[in-house]
Number of protein chains: 2
Amino acid sequence: MTKTRTAVHHDASSSSGDPQAIGRMVTSYDVAKLAGVSQSAVSRCFTPGKSVSERMRTKIMRAADELGYQPNAIARMLITKRSNLIAVIVSNLSVNPDFASILSQHMIERGLNLLFFTLDQDADADRAIQQLWQYRVDGVISAAELSVEQIGVLRERGIPLVFINRLYDVMGANSVGCDHAEGEGWLIEKLVSAGHSRFGIVAGPEASVVSRMRLRGALDKLAALGCAAPQVVHSDFTYAGGREAMRGLCGGKKRPDAIVCANDLMAIGCIDEARLALSLKVPDDVSVVGFDGYAPGQWGGYQLTTVRQPVASMVKAAVDMLVARIEEPSMATEKRVFSGELVEGSSARID
Amino acid sequence: MTKTRTAVHHDASSSSGDPQAIGRMVTSYDVAKLAGVSQSAVSRCFTPGKSVSERMRTKIMRAADELGYQPNAIARMLITKRSNLIAVIVSNLSVNPDFASILSQHMIERGLNLLFFTLDQDADADRAIQQLWQYRVDGVISAAELSVEQIGVLRERGIPLVFINRLYDVMGANSVGCDHAEGEGWLIEKLVSAGHSRFGIVAGPEASVVSRMRLRGALDKLAALGCAAPQVVHSDFTYAGGREAMRGLCGGKKRPDAIVCANDLMAIGCIDEARLALSLKVPDDVSVVGFDGYAPGQWGGYQLTTVRQPVASMVKAAVDMLVARIEEPSMATEKRVFSGELVEGSSARID
DNA sequence: CTATTGATTGCATTCGGATGCACTGATATG
DNA sequence: CATATCAGTGCATCCGAATGCAATCAATAG
C-alpha cells in the first residue's frame, strides 16, 4: 500500500512536462523516497526534539535541499492542532503605526505568524472572529474594542485573548495597558502647580473606553486639587476634530488657559488652531498637553508635553502573556498595567 | 467503519466533564450525526455552489448552529490547495499607515485573509518567504523591496506576486505603482515657471528604487528645462533626516531657493529646520515640496505642495491583479502605473 | 555469551473536509 | 409506459505530516 502510494507520487513528479508548471508540491514522501527512508523519518527530521541519528539527518537534509522541500504547515496544523498563527485585531483609528512592526518582531522571535484583521465597520468584528476561528489561530491580540458577546465566543471556544491598550473587567479577558488615569493625573498636577486654573478638556468619543479612563483621571485629579470643574468637549481623536474642539473651547468669554487632550493628534490640532486661527501663543497664552507619544507631536513645531505610552513594553508583555496562556490555558486572568512616561515639551507652561 | 468513527466522535463529545474544557472541536461528522445525514452532505452544504436540497440544507444548518459548527479552514486548505491567505510584506519604513487598513477591506470583500510580515532586518525577507510558502498562501503583495533571488523563489514555486509602489523590471514581477517621475516632473515645472532656479534635492537612500525614480524624474525635468544642475543630498526618509539634509543644503553660500524632497516626511523636516533653526520663511525665502500625500503634510502648519499617491486605487489594482493571477496563473506579467495628484499647498511659491 | 536498556526506525493510523463515482428517485421526453 | 435526464445523496478515498506502537539493533551489564 505504502509502496504503491510512493510510486504514484514519484510518477507524478517525474512527469515534469506538466504545462501548468506550478509543479506538484514536494511532500515528505518525495523526500523519503529520494533519501531511501520512511516518511516518518522525514517528519521527525523536521520536528525539533525528535530523535534522529546523525547519518539519517544528513541524508534526509540533502534530499530535502535537492527537492526544495519545506514541510506543509497546513498538514502539520491539522494533526498537531497548533497553527502557530496569532490573530491581531486592530481598529482603523487605533494605535500607533509602528505597533504592527514591533508586534511582528516579537512574533518572529517566537516562531509565530500574524493573521491580520482590521475593523472598519461593526460587522467586521464578527467576521474576524469567525475567520480566526476557522483558521484555528492559537491566540488573539486585540487592539480594538470587542463586545462582551464577542469576548464570550472566544472564551467558549478556548481561544486565548489578550487586549492591548484596553483594560477590561470582563471575565477571562487578559489585558495589557497603560495607566491612563495616572498619566493624566501627572499632567494635571504639572499644569496646576504651574498656575493654570481654567481647564478645557478635549475628550475622545463617549464610547471609547480609553478616552473615558483618561477623562476620569483628569477629572479626579482636578477635583482632588480643588480646581474648578473644567469645560469638557468630546471629539473624535482626529486632527480636524482637535481644531474644531479648540475653536469651541475658546469661543466663550473665559478662554481656558490649559487644554488637556485625550490624544496627541487632537493636541496638535489644538495647537495649530490656536496659532493659525486664533492667533494665540502656545504656551504663553494657552498650554496644550496630549497623551500617547505620537511621533509628530515631538516635531520641532509642536514639542508636545504628553505622556508617552511604553508601546514596546506593552507589546512584549502582551505577547508574553498570550504565549503563556496558550501553553497553560488554565492560567488565571491577569492585567498588566504600565506607567507612561511624562514628556515635558514646550507646548505647556510648566516651569 | 464510518459508523464506528461517528460513534467515537460522539462518545468523545458527550464526555463533557473534560477538565481541560477546550472541548473537542466540532467536526462535520458531529453535525452529520446530529442531522442524520452523511458527512459529505454537510461538506456540500458549506461549499458554495454545491447542489444540496432545501430540506437538507435547513436540517444541516439547524444542527450546525446547535453545535456551533464552523468548517475547519485548515482541513479544507489541505484538500483544496487553496488557503485564501494572502501574504502581505511591508518594510517598517515603507508606506502609508492606512495602507494596511485599505488592503484589509479589499481582502474582506473577496473573502481573503491577510498573513502579515514586516521586514526589519535583511534576514527577515527570507524567513517571510519561507513561512508564507509553508502556509501555502495563494498570493503575495509586497510593499517592500525583494531581491531578484527572492522573486525567483516565488516564481519557481508558482506563487503569484504583486509589488505595490515598486515597479520592477524583473521577469514575472507584477507591479502597481505611481508614476514617480511624472509627478516629480510636475513639481519641477511648477517651481521653474514660478521663477525658482537654485534647486536642492533631498533624495532617499541610494539603494531605494522609489527614491531613484523620483530623483531621475526631477533631474530629467530640470535638464529638459535647461536649469542648472541641482545640489543633491541623500537622506533616509525620516523627519530628522530631512532636518539634517536641510541644514546641509543651506550651509553653503548660495542657498537653494527650492527644495525638492523624496517624501513628505523629509519635506516636513526641511520646513521645520528652515523656520525653527535657520529663520527662513517658507515659502518666501525657500519653497519646499514633498511627495506622497502623508496626512500631516496637509496640517495647517505645513500645507505641503506635493504629489499625492492614489493609494486607494493602487491597492485596489494590486488586489485585482493578484486575484486575476491566482485564477489564471499563465497571465502575462503586467505593470499598472497610476498618475499622482498634484496638491498645491502653500509650502512652495508657485503663484 | 546472554540479558537488558535505550536509541532509531518503519508501519499504520489519524486529523477534518472535499470530491469522484455510483446509485436513487423524480421529472421530462418520445 | 418505457426511457433519458438530472438533481441529490452516500461511500470511499485523498490531501501531507505527526505519532503511538512494535520491531530492530547496538551497546552495556551481568
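Atoms considered below: every heavy atom in the structure, side chains included; atoms not considered: hydrogens, waters and symmetry mates. All chains are named by letter (A, B, ...) in the order of the sequence lines, taking the proteins before the strands, and each is independently numbered beginning at 1.
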Do B:Ile141 and B:Phe163 come close enough that some side-chain heavy atom pair is under 4.5 Å?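 No, too far: nothing below the 4.5 Å cut-off.
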Proximity to the side chain of [X] - top-ranked nucleotide from [options]:
| X | options | value |
| --- | --- | --- |
| B:Ser38 | D:dG16, C:dT8, D:dG10 | D:dG10 |
| A:Ile79 | C:dT14, C:dG10, C:dG17 | C:dT14 |
| A:Val37 | D:dA18, C:dG10, C:dC15 | C:dG10 |
| B:Gln39 | C:dT9, D:dA18, C:dA18 | C:dA18 |
| B:Ser51 | D:dT19, C:dT8, D:dG8 | D:dG8 |

Any side-chain N or O of [X] less than 4.0 Å from the OP1 or OP2 oxygen of [N]?
| X | N | result |
| --- | --- | --- |
| A:Thr27 | D:dG16 | no |
| B:Tyr69 | C:dG17 | yes |
| B:Thr47 | C:dG17 | no |
| A:Ser28 | D:dA17 | yes |

Can a donor-acceptor pair be found between the side chains of A:Asn174 and A:Glu334 at a distance below 3.5 Å?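 There is no such pair (donor and acceptor under 3.5 Å, judged by atom type) between the side chains of A:Asn174 and A:Glu334.
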Looking only at the side chains, is there a donor atom on one of A:Asn113 and B:Gln131 sitting less than 3.5 Å from an acceptor on the other?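 Result is yes, a qualifying pair exists.
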Can you tell me how far [atom2] of [N] sits from [atom1] of [X], to the nearest Å?
| X | N | atom1 | atom2 | value |
| --- | --- | --- | --- | --- |
| A:Lys50 | D:dA18 | NZ | C1' | 8 Å |
| B:Phe46 | C:dT19 | CZ | P | 15 Å |
| A:Gln134 | C:dG16 | CD | P | 15 Å |
| A:Ile74 | C:dA18 | CD1 | P | 14 Å |
| A:Arg82 | D:dG16 | CZ | P | 24 Å |
| A:Lys59 | C:dG10 | NZ | C1' | 13 Å |
| B:Ile60 | D:dG10 | CD1 | P | 8 Å |
| A:Arg57 | C:dT8 | CZ | P | 10 Å |

B:Arg55 or A:Ala41, whichever maps to the more 5' nucleotide of DNA chain D: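 Of the two residues, B:Arg55 wins.
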Applying the side chain to side chain contact (heavy atoms under 4.5 Å, CB included) test to B:Leu34, which of B:Val26, B:Leu67, B:Val42 qualifies?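 One option only clears the test, and that one is B:Leu67.
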Using a distance-only criterion (donor-acceptor N/O pair, under 3.5 Å, no hydrogens), is the base of C:dG20 paired with the side chain of B:Arg44?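 Looking at the base of C:dG20, it does pair with a donor or acceptor on the side chain of B:Arg44 (distance under 3.5 Å).
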hbond_proxy B:Ser40 side chain to D:dC11 base (donor-acceptor, 3.5 Å cutoff):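 Result: at least one qualifying N/O pair found.
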What does [X] touch in the nucleic acid at a heavy-atom separation under 4.0 angstrom: a base, only the sugar-phosphate, or nothing?
| X | value |
| --- | --- |
| A:Met77 | nothing |
| B:Val42 | nothing |
| B:Thr80 | sugar-phosphate |

Counterpart residues, salt bridge (Lys or Arg N to Asp or Glu O under 4.0 Å), relative to B:Lys335 (two or more places apart):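 So B:Lys335 forms a salt bridge (Lys or Arg N to Asp or Glu O under 4.0 Å) with B:Asp169.
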Might you work through the side chain to side chain donor-acceptor pair (under 3.5 Å) test for B:Asn72 and A:Gln134, ending with a clear yes or no? CA-CA 5 Å; B:Asn72 182 327; A:Gln134 288 194 2; over 6 Å; no
